[in-house]
Amino acid sequence: MSEWKGVCEAISRATGQPAVPAGADSLGGGCINQAFRLSVTDGRSWFVKVNDAASLAMFEAESAGLLELASANAIRVPQPVCCGSVGQIAYLVMEYIPLGRGGDAGELGRCLAVMHRRTAETFGWETDNTIGSTPQINTPDSDWVRFWRERRLGFQLRLAANRGYGGSLQKKGARLMERFPALFDTHTPEPSLLHGDLWGGNWSTDARGDPVIFDPAVYYGDREADLAMTELFGGFGEKFYRAYRADLPLDPGYSLRKTFYNIYHILNHLNLFGGGYGAQAEGMIDRVLAEL
């Protein structure tokens, strides 16, 4: 890719050391970005995410999110080096961490509990970011129910309506919007530092076996929302949950609220990918409404 020279010039400015490109190995990528291991002639290398130039704000927010997570001194994250645009691409350069296989999920649970002890005065965050490629609005609010209604659940339902997903999904969504505050009659969450998109594909271990988390959608919110996401696509295993609960016990109402919180992510998948996520979202809404 012809833009690697410009990326390396940005790395040189950020690190204070000359960086001459020696090669870039594709690491594939997810549904949103391409990923590369960029090497330079002195043997150093970095992990680089690439997308079209219009994605720069997304990378700037991700870089800020990584710094916010790192500031908690709880779990290792890739350190951002620089981000910018050159030619037709936007890029985010990060520390390259060779990832291990397997790892101690219990240690991840313990570290996540430490991270969730980092709190703020309000819910949300200073910066809007993305969940996948969907905008995630983080305008701060002192009221968690209002924040979730307007900036999470309501936002995704409106986006779904604009994309043609109406009918029973919107009718059930409207009933849920009206009734879900009852889930918080006896549960008053603190604004905890959240990864925001913590499924099994967004954590691994480094060469020492210590947990590493990445690809965040950071904000401050109910810690149960992070825990709920870990259970959405298969779960992290009982060792993880046992270690987390030993440090931060969970309220009995979590068993229902986790389904409620994950409606946000399933609606986001519907808005990103379509398919059967609409029926899944409706089924989850039905389960929550049946308990309210």
Side-chain angles (χ1 to χ4, degrees), residues 30-32 62 65-66 68-70 72 74-78 99-119 123 125 129-132 134 136 144 148 152-153 156 183 187 189-206 209-270 272-273 277 280-281 283-284 287-288:
C31 302
I32 310 300
E62 181 174 346
L66 290 169
E68 190 76 10
L69 294 176
I75 311 177
R76 186 177 182 184
V77 299
L99 299 178
R101 296 181 180 274
D104 186 351
E107 180 65 8
L108 175 65
R110 186 193 68 79
C111 292
L112 186 67
V114 173
M115 191 183 88
H116 284 168
R117 291 186 182 278
R118 170 77 174 267
T119 59
F123 300 103
W125 194 35
N129 49 23
T130 56
I131 181 79
T134 305
Q136 181 168 263
W144 175 243
W148 198 264
R152 292 295 182 265
L153 181 59
Q156 290 286 350
L183 291 169
H187 176 62
E190 289 187 294
S192 295
L193 176 59
L194 306 185
H195 177 282
D197 195 11
L198 192 57
W199 67 289
N202 285 346
W203 87 278
S204 187
T205 56
D206 61 18
D210 294 329
V212 182
I213 55 175
F214 37 84
D215 292 349
V218 166
Y219 67 101
Y220 284 82
D222 185 355
R223 61 189 177 90
E224 288 185 354
D226 250 3
L227 264 292
M229 180 66 172
T230 69
E231 299 197 52
L232 186 54
F233 298 115
F236 283 22
E238 181 54 32
K239 191 174 182 181
F240 167 84
Y241 299 104
R242 186 167 58 247
Y244 183 92
R245 293 192 302 264
D247 194 347
L248 285 177
L250 292 172
D251 183 271
Y254 168 71
S255 60
L256 179 59
R257 283 191 297 271
K258 69 180 180 182
T259 301
F260 167 72
Y261 281 134
N262 281 336
I263 293 168
Y264 171 67
H265 295 290
I266 294 302
L267 286 172
N268 186 49
H269 276 63
L270 172 65
L272 288 172
F273 310 120
Y277 291 110
Q280 185 177 357
M284 293 168 74
R287 289 198 295 276
V288 175

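This structure is a prediction, so every number in the text was calculated from the model and none was measured.
Residues K239 and D104 meet the side-chain proximity criterion, which asks for heavy atoms closer than 4.5 Å. Considering only heavy atoms from C-beta on, V77 stays 4.5 Å or farther from V212 through its side chain. Contact of the L66 side chain with the P78 side chain is registered, since non-hydrogen atoms from C-beta on lie closer than 4.5 Å. By the 4.5 Å heavy-atom criterion applied to side chains, D210 and I75 are not counted as neighbours. Using a 4.5 Å heavy-atom threshold, the side chains of H187 and D222 count as touching. Side chains of T130 and T134 form no contact here, defined as non-hydrogen atoms less than 4.5 Å apart. With a 4.5 Å cut-off on side-chain heavy atoms, Y264 and I131 count as touching. When side chains are defined from C-beta on, Q156 does not count as touching L270, because their heavy atoms never get closer than 4.5 Å.
Among the candidates W199, Y244, Y241, the single residue satisfying the side chain to side chain donor-acceptor pair (under 3.5 Å) test with T230 is Y241.
Interatomic distance, F240 CZ to L112 CG, rounded to the nearest 0.5 Å: 5.0 Å. Here the NE2-CG distance, from H116 to L193, works out to 7.0 Å after rounding to the nearest 0.5 Å. Separating the CD atom in Q136 from the OH atom in Y219 is a distance of 6.0 Å, to the nearest 0.5 Å. For the atom pair CG (D206) and CZ (R76), the distance works out to 5.0 Å, reported to the nearest 0.5 Å. Between the CG atom of L232 and the CG atom of L227 there is a distance of 13.0 Å, given to the nearest 0.5 Å. With rounding to the nearest 0.5 angstrom, the CZ atom of R118 is 11.0 Å from the OG atom of S192.
N129 places a side-chain N or O within 3.5 Å of a backbone atom of V218 that can act as its donor or acceptor partner. Side chain of D215 to main chain of N202: no donor-acceptor pair is present (N/O by atom type, distance under 3.5 Å, no hydrogens or angles). A donor-acceptor distance shorter than 3.5 angstrom exists from the side chain of D226 to the backbone of G196, with no hydrogens or angles considered. Distance alone, capped at 3.5 Å, is enough to place a donor-acceptor pair between the H269 side chain and the H265 backbone. Formation of a donor-acceptor pair under 3.5 Å by the Y254 side chain with backbone atoms of E224 is not found in this model.
Taking all atoms of both residues into account, the shortest heavy-atom contact from A243 to G106 is CB-O, 3.1 Å. In plain terms, the two heavy atoms of G65 and P216 that are nearest each other are C-CG, 4.5 Å. Contact detail for V288 and L256: the closest heavy-atom pair is CA-CD1, 3.9 Å. When all heavy atoms of M284 and T259 are compared, the closest pair comes out as CE-O, 3.5 Å. Between G132 and L272, the shortest heavy-atom contact is CA-CD1, 4.4 Å. Looking at every heavy atom in both residues, L267 comes nearest to A281 through CD2-CB, 3.9 Å.
E68 and Y220 form a side-chain donor-acceptor contact under 3.5 Å, judged by distance and modelled atom types alone.
Atom CD of E190 has 12 or fewer heavy atoms from other residues, nucleotides or ligands within 6.0 Å.
Geometric assessment of R287 against the ring of F260 yields a negative cation-pi assignment under the 6.0 Å and 45° thresholds.
Between Y277 and F273, the ring planes are tilted. Angles from 30° to 60° get that label. Using bins of under 30°, 30° to 60° and over 60° for the plane-to-plane angle, the ring pair W144/F123 lands in the tilted bin.
In this view, H195 satisfies the ring pair (Phe, Tyr, Trp, His ring centres under 6.0 Å) rule with no residue, not counting sequence neighbours.
Using a cut-off of 4.0 Å between Lys/Arg side-chain N and Asp/Glu carboxylate O, D247 and R110 are scored as not salt-bridged.
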